[in-house]
Amino acid sequence: VKAYVRLRAELPNVGDESVIYSNIIELPNVLLYYALPDMDLPEQMYMIGGFNGWDWGSCAKMVVANANPDKWWTIRYIDDQGFKFNWAKSWDGNEVGFSKIKVGNDKACGGLIDAGGNVGVTTPGWYIIGLTVGIEGRDYTFTVDVFEPNVYIFGETNGGIWEKDDAWKFSIPTEKNGVFVSPALVAGGEVRMCICPDWAGLSWWQLEFTLKGGSTIYYRENDAINDNWAADKGADYSITGAAGTVITLDFANESGSVK
């Protein structure tokens with residue numbers, strides 16, 4: 001808005017005789033109220049570490065949990081160098097190391113540790129890294145949970161079991177470049193795969209994925225898969241299994257196979 005002001009000056013200990021006023025000054029654009037814009041949660045999160053040689057070009061793009069924009073996860077082999085997060089693929093000063101995190105559930109790895117400023121694990125190996133991003137004032141907060149890297153088959157191809165069942169858990173590799181291998185399927189139908197940690201009440205379908213084209217890991221994130229992958233996303237996103245079929249998953253390269 002437009003406003004008009006005059007300045008008043010006065011000599012001390014003289015009285016009203018010393019008071020003078022300036023000419024009227026026009027202020028053409030006075031901002032009566034200003035507030036910083038609201039902070040939004042990051043739209044992407046990335047993880048970098050010893051597992052990929054600290055190269056942003058091949059970092060892990062974290063997966064957002066369905067209908068939970070503050071929850072992100074990935075499965076990676078964590079070595080003694082540890083890892084960091086960022087919402088950009090860049091060394092731009094916003095990297096999140098050990099000093100910037102809150103430690104959540106870290107029993108699976110024997111405890112999170114400070115690995116030279118990186119987020120480290122007591123026992124190197126494959127893990128599900130869960131990240132919860134919050135907002136406090138004008139800052140982000142980062143809570144890290146670590147879970148065993150358990151991946152499951154759900155649904156028709158395991159005989160109709162739609163809950164976490166250790167009999168339908170993938171084998172876990174011990175080496176950095178190893179693959180996860182499913183039990184042999186017992187029936188035909190569409191394969192449903194997920195992780196299922198005890199994390200913030202999330203259900204299996206919020207942490208689901210498939211193999212696009214039978215070879216590339218594709219995460220459900222916020223896709224609406226109300227019936228099945230074939231009907232709701234398309235045949236290219238649906239894995240059709242048969243009795244005896246085995247699924248392999250290479251999370252290091254975000255690929256897989258159906259054999």
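For reference, positions follow the sequence shown, starting with 1.
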- Message: One pair to check against ring pair (Phe, Tyr, Trp, His ring centres under 6.0 Å): F180 and F251. What are the steps and the verdict?
- Response: CA-CA 8 Å; F180 291 65; F251 285 103; 5.1 Å; yes

Drop me the distance from [X]'s [atom1] to [Y]'s [atom2], to the nearest 0.5 angstrom.
{"X": "E148", "Y": "I172", "atom1": "CD", "atom2": "CD1", "result": "6.5 Å"}
{"X": "N66", "Y": "L207", "atom1": "CG", "atom2": "CG", "result": "8.5 Å"}
{"X": "R192", "Y": "N158", "atom1": "CZ", "atom2": "CG", "result": "11.5 Å"}
{"X": "E156", "Y": "I161", "atom1": "CD", "atom2": "CD1", "result": "13.0 Å"}
{"X": "D232", "Y": "N226", "atom1": "CG", "atom2": "CG", "result": "5.0 Å"}
{"X": "T132", "Y": "D70", "atom1": "OG1", "atom2": "CG", "result": "6.0 Å"}

Side chains of [X] and [Y]: does their closest heavy-atom pair fall under 4.5 Å?
{"X": "T122", "Y": "C109", "value": "no"}
{"X": "K89", "Y": "C59", "value": "yes"}
{"X": "L211", "Y": "I217", "value": "yes"}
{"X": "F154", "Y": "W204", "value": "yes"}
{"X": "L112", "Y": "V119", "value": "yes"}
{"X": "I24", "Y": "V5", "value": "no"}
{"X": "M193", "Y": "F170", "value": "yes"}

- Aromatic ring proximity, centroids under 6.0 angstrom, Y219 and W73: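 Between W73 and Y219, the centre distance is under 6.0 Å.
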
- When the aromatic ring centroids of F142 and F85 are compared, is their separation below 6.0 Å?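 So the answer is no for these two rings.
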
- Query: Is the closest side-chain donor-acceptor distance between D223 and Y218 under 3.5 Å?
  - Reply: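 Looking only at side-chain atoms, Y218 and D223 do form a donor-acceptor pair, the distance falling under 3.5 Å.
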
- Query: Would S255 and T216 count as having a side-chain donor-acceptor pair, cut-off 3.5 Å?
  - Reply: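 No pair is found: no donor N or O on one side chain lies under 3.5 Å from an acceptor on the other.
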
- Task: Over 60° means perpendicular and under 30° means parallel, so classify the ring planes of Y237 and W229, tilted if in between.
- Result: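 Correct class here is parallel.
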
- Criterion salt bridge (Lys or Arg N to Asp or Glu O under 4.0 Å) on K71 and E221, from CA distance to verdict: CA-CA 10 Å; K71 297 283 188 299; E221 297 193 299; over 6 Å; no

- Task: Using the rule that two of Ile, Leu, Val, Met, Phe, Trp, Tyr join whenever any of their side-chain heavy atoms come within less than 4.5 Å, decide whether V133 and V103 are in one cluster.
- Result: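 Yes; tracing contacts between hydrophobic side chains, which count when under 4.5 Å, links both residues.
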
